[in-house]
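Counting starts at 1 for both ligands and their atoms, following the listed order.
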Amino acid sequence: MLVLGLESSCDETGVALYDTDAGLLAHRIHTQMAMHAEYGGVVPELASRDHIRRVLPLTSACLADAGRTLQDLDAIAFTEGPGLAGALLTAAAVANGLGVALGKPVIGVHHLEGHLLSPLLAKPAPAFPFVALLVSGGHTQLMAVRGVGDYQLLGETLDDAAGEAFDKTAKLLGLGYPGGPALSRLADQGDAARFSLPRPMLHSGDLDFSFAGLKTAVLTLVKKQAELDDATRADICAAFQAAMVEVLGAKCWGAIKQTGLKQLVVAGGVGANRQLRAALDAMAAKRRFQVFYPPLELCTDNGAMIAYAGAQRLRHAREAGPFAVRPRWDLAGLPAA
Ligand code: KG4
Ligand code: ZN
């Protein structure tokens with residue numbers, strides 16, 4: 001079965017073709033990061049308009065890459081939610097439009113289910129069950145993933161997402177948007193020991209996170225500096241990153257201990273952070289579990305994870321036609337596959 005996957009929930013347009021026998025045949029992503037950078041964050045209306053411009057050319061390119069045509073499709077999967085309402089409408093409209101035109105069914109995919117299953121597209125892939133740390137600009141969650149549709153939320157952020165904390169901190173240090181990668185680069189040149197920042201909820205006894213206080217602590221620290229020279233900024237970045245990495249690492253270990261599972265999967269843009277990877281690798285070696293990092297193009301928002309998740313839910317495919325999106329959608333409400 002050949003499934004087209006369409007993702008447009010935030011600031012990436014993703015399109016992919018997944019074949020249930022041959023695997024991922026093609027995938028293309030267009031990121032709007034440069035467009036939103038000027039405004040210091042995602043501008044929903046601009047995001048929607050750009051998805052509209054990109055989605056059909058990307059679809060044609062994917063079909064060409066795979067040497068397939070629209071007539072070869074068996075189903076069309078799209079991100080139904082959660083996300084920005086206007087942005088979601090693009091993939092939903094294209095999926096249902098194509099579905100009606102081709103007489104093929106559509107599958108509305110939960111964006112987070114896409115993220116949770118995306119590691120299975122990587123090589124080597126983990127096998128069920130595993131613990132997933134989902135750390136992106138919009139989400140910070142630890143989940144036990146025991147199968148398709150079998151997700152147990154172990155913990156999540158009570159306020160900012162991890163990527164959001166990186167971005168907001170980078171912004172207040174004047175590092176642009178999205179500032180996570182820039183902050184992390186600067187941190188590599190800094191001395192993490194010069195300033196000490198809080199480790200929020202490190203000893204909370206649960207698997208929840210809170211990052212808003214850490215950001216405020218950085219703000220207070222910045223205000224206290226007589227001069228914010230490059231060396232001081234690098235040291236603050238290093239201290240911030242060390243705090244984030246310590247908390248994320250400790251909660252991952254907590255999740256491994258609590259579930260007794262032996263595999264950890266890290267998904268989402270913050271998973272690109274080198275310090276975080278180094279810390280998790282060291283912990284995995286010491287504590288004898290395995291850690292998987294899907295390639296970055298599958299960690300950030302993409303169409304491949306939507307095509308894949310859709311392919312796992314072919315049973316739930318429905319006739320294309322009038323549609324709605326779900327800007328808010330609780331993962332816990334998903335049926336089993
Ligand atoms: O998964 P992603 O592309 O999803 C969202 O659209 O949210 O994640 C983007 C987030 C941004 O907040 C970005 O600053 C952060 O991931 N990020 C990083 C790094 N690379 C990306 N944060 C810390 N260190 C990095 N190297
Ligand atoms: Zn996402």
Side-chain angles (χ1 to χ4, degrees), residues 5-14 29-37 40-44 47 50-51 78-84 87-88 91 109-119 132-141 143 156-157 160-173 175-188 190 211 214-215 237-238 240-249 265-280 293-306 308-309 327 329 331:
L6 302 172
E7 154 67 35
S8 69
S9 66
C10 188
D11 59 347
E12 265 99 27
T13 319
I29 303 174
H30 173 78
T31 176
Q32 304 173 353
M33 215 181 274
M35 185 180 81
H36 297 296
V42 176
V43 183
D50 199 61
H51 287 308
F78 66 99
T79 306
E80 191 171 352
L84 301 169
L88 288 166
V109 172
H110 193 295
H111 182 82
L112 291 187
E113 175 165 69
H115 275 302
L116 289 179
L117 299 181
S118 65
L133 172 69
L134 185 54
V135 268
S136 71
H139 331 285
T140 299
Q141 297 188 322
M143 315 270 300
E156 65 184 332
T157 181
D160 292 352
E164 192 180 355
F166 267 97
D167 293 341
K168 286 180 174 171
T169 304
K171 196 170 176 179
L172 69 89
L173 290 167
L175 299 179
Y177 171 87
L183 188 158
S184 152
R185 273 194 301 277
L186 204 53
D188 289 343
F211 297 119
L214 183 54
K215 176 195 64 198
C237 288
F240 170 82
Q241 181 170 263
M244 291 294 291
V245 166
E246 187 175 338
V247 173
L248 290 169
V265 165
V266 184
V270 182
N273 188 276
R274 286 201 302 128
Q275 287 280 351
L276 178 64
R277 288 187 177 211
L280 293 177
Y293 310 98
L296 204 58
E297 72 213 61
L298 298 179
C299 278
T300 58
D301 289 351
N302 65 83
M305 68 186 194
I306 302 304
Y308 181 75
W329 187 5
L331 188 65

Side-chain heavy atoms of Pro82 within contact of His110, under 4.5 Å: yes

Exercise: do Thr13 and His51 side chains pair donor with acceptor under 3.5 Å: yes

Protein contact of atom 15 (C) of ligand 1 - nearest heavy atom, named by residue and atom, plus distance: Val270 CG2, 3.9 Å

Atoms in ligand 1 flagged as close to Gly138, the criterion being non-hydrogen separation under 4.0 Å: 7 (O)

Side chain to side chain donor-acceptor pair (under 3.5 Å) against Tyr177, all qualifying residues, sequence neighbours excluded: none

Near the Zn ion (ligand 2) (cut-off under 2.8 Å), count of protein N, O or S atoms: 3

Atom indices of ligand 1 within 4.0 angstrom of Gly163 heavy atoms, with elements: 12 (O)

Donor-acceptor contact below 3.5 Å, side chain Ser184 vs main chain Asn273: no

Option of least heavy-atom distance to atom 11 (C) of ligand 1 (set: Asp11, Asp167, Ile29): Asp167

Option set Thr300, Asn273, Leu296, Val135, criterion heavy-atom distance to atom 26 (N) of ligand 1, minimum: Asn273

Side chains of Thr169 and Met244 in contact at under 4.5 Å (non-hydrogen atoms): no

Close approach of Cys10 to ligand 1, heavy atoms, under 4.0 angstrom: no

Atom 22 (N) of ligand 1: nearest protein contact (heavy atom, Å): Gly180 CA, 3.7 Å

Thr79 side chain near Leu88 side chain, heavy-atom distance below 4.5 Å: yes

No-hydrogen, no-angle side-chain donor-acceptor test under 3.5 Å, Glu7 and His111: yes

pair His30-Asp50: side-chain heavy atoms closer than 4.5 Å: yes

Of Leu298, Asn302, Asp301, the residue whose pairing with Ile29 passes side-chain contact (heavy atoms from CB on, under 4.5 Å): Asn302

Residue, atom name and distance, where the atom is the protein heavy atom closest to atom 20 (N) of ligand 1: Gly269 O, 3.4 Å

Top protein contact for atom 4 (O) of ligand 1, by heavy-atom distance: Ser136 CB, 3.5 Å

Option whose closest heavy atom lies nearest to atom 10 (C) of ligand 1, chosen from Gly137, Ser9, Ala272: Gly137

Contact atoms of ligand 1, heavy-atom distance to Gly268 under 4.0 Å: 1 (O)

Sub-4.5 Å side-chain heavy-atom contact between Glu164 and Thr157: no

For Asp301, atoms of ligand 1 separated by under 4.0 Å from a heavy atom: 6 (O)

Residue pair Asp188 / Gln275, side-chain heavy-atom distance below 4.5 Å: yes

Ring geometry between Phe240 and Phe166 (parallel below 30°, tilted from 30 to 60°, perpendicular above 60°): perpendicular

